[in-house]
2 protein chains.
Amino acid sequence: MKKHIKHDPQACSKKMLPIQDALEILSGKWKLPILVALMFDVKRFSDLSKEIPRITDRMLSKELKDLEMNKLVKRTVYDTFPVTVEYTMTEYGRSLKKVIEALGEWGEKHREKIMSE
Amino acid sequence: MKKHIKHDPQACSKKMLPIQDALEILSGKWKLPILVALMFDVKRFSDLSKEIPRITDRMLSKELKDLEMNKLVKRTVYDTFPVTVEYTMTEYGRSLKKVIEALGEWGEKHREKIMSE
DNA sequence: CAGCATCCTCAGTGATACTG
DNA sequence: CAGTATCACTGAGGATGCTG
């Protein structure tokens, strides 16, 4: 029933934009590792650098800026010498957890599916 | 309480791989538009080409191959002249719908959040 | 310590023309 | 119709060295 309904591709495109926003925010090689690293603890720049294998300072800096712009991560500067900077996942950032879990669960099943040929 | 629990970054990395698999499968400029186009209807190559603005044949072909490799899409060739090829979303492909919806819902809220500054 | 500036490489994508 | 072949371009990301 209702097979005659026409699915407007334009309407679909409107739905697509937020999906692509979300994908873009998680896209790139380092966003997820950084978010995971900040999921449980506040970390400093050098902590993240050590904890995330092979990331360069340049990329860490750039990705943290992106995440900060999207309000997923908060940057706090302390007036010490040399300066200390702490990165925290915001409460809003934690709202991504559900999405990430959904991705993870599907990915898990996908691994099984593909491995079993 | 339980603040003293140490969160093993190695354990986290293991969790991360399937998440990144899922992200990779949806990554790129055209995967989502193609999946959306096939969500409700079987389509032929030229249908998809028309329906997805600005996609080139080259990319359409490549992305369809990727999706087929991941068993999200099925390719059926009909022995007509010239040949006819149909692309269908598999049942398995539909299992992505929940994930995509999760992304979409978060993306929706994110738009509001960012727009409201 | 927490980055930035510079230069470089390459995978992803686009443009165009061609084919079974 | 349903692609493939070829070339060209761009931007993500890497390497290295420098700085407040």
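Order of the sequence lines sets the chain letters (A, B, ...), proteins ahead of strands, with each chain counted from 1.
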Between P of D/dG3 and CG of B/D66, the distance in whole Å = 14 Å
Protein proximity profile, nucleotides 10-20 of chain C - base contact B, sugar-phosphate-only contact S, no contact -, cut-off 4.0 Å on heavy atoms = ---BBB-----
Main-chain N/O of A/R58 paired to A/K62 side chain as donor or acceptor, under 3.5 Å | no
Consider the side chain of A/S61, meaning its heavy atoms from C-beta on, and name the nucleotide among C/dA2, D/dT4, C/dC4 that approaches it most closely.
-> C/dC4
Would you call A/E91 and A/R94 a salt bridge, taking side-chain N to carboxylate O under 4.0 Å as the test?
-> yes
Whole-Å distance between D/dG20 P and A/F45 CZ?
-> 17 Å
B/E101, CD atom: more than 12 neighbouring heavy atoms under 6.0 Å = yes
For B/L64 and D/dT4, what is the distance between atoms CG and C1' respectively, to the nearest whole Å?
-> 14 Å
So B/F45 and B/Y87, would you call those rings parallel, tilted or perpendicular, with 30° and 60° as cut-offs?
-> tilted
Which part of the nucleic acid does A/Y87 contact within heavy-atom distance under 4.0 Å: base, sugar-phosphate only, or nothing?
-> sugar-phosphate
A/D47 atom CG is separated from C/dG3 atom C1', nearest whole Å, by 15 Å
Write down the distance between NZ (B/K65) and P (D/dG3), rounded to a whole number of angstrom.
-> 8 Å
Value in whole Å for how far the P atom of D/dA12 lies from CG of B/L23 | 17 Å
Between OH of A/Y78 and P of C/dG3 the distance, given in whole Å, is 13 Å
Please round to 10 degrees the angle between the axis of the first five pairs and the axis of the last five pairs in the helix from C/dC1-D/dG20 to C/dG20-D/dC1.
-> 50°
Looking only at atom types and distance, does a side-chain atom of A/S49 sit under 3.5 Å from a main-chain N or O of A/S46, one as donor and one as acceptor?
-> no
Which value, rounded to the nearest 0.5 Å, describes the distance between B/E24 atom CD and B/I19 atom CD1?
-> 13.5 Å
Does a salt bridge link A/K43 with A/E51, judged by any charged N lying under 4.0 Å from a carboxylate O?
-> yes
What is the distance, rounded to the nearest whole Å, between atom CG of B/L60 and atom P of D/dT4?
-> 10 Å
Check whether any side-chain heavy atom of A/F40 lies under 4.5 Å from a side-chain heavy atom of A/M89, and answer yes or no.
-> no
Indicate yes or no: does A/R111 engage A/E108 in a salt bridge with an N to O separation below 4.0 Å.
-> no
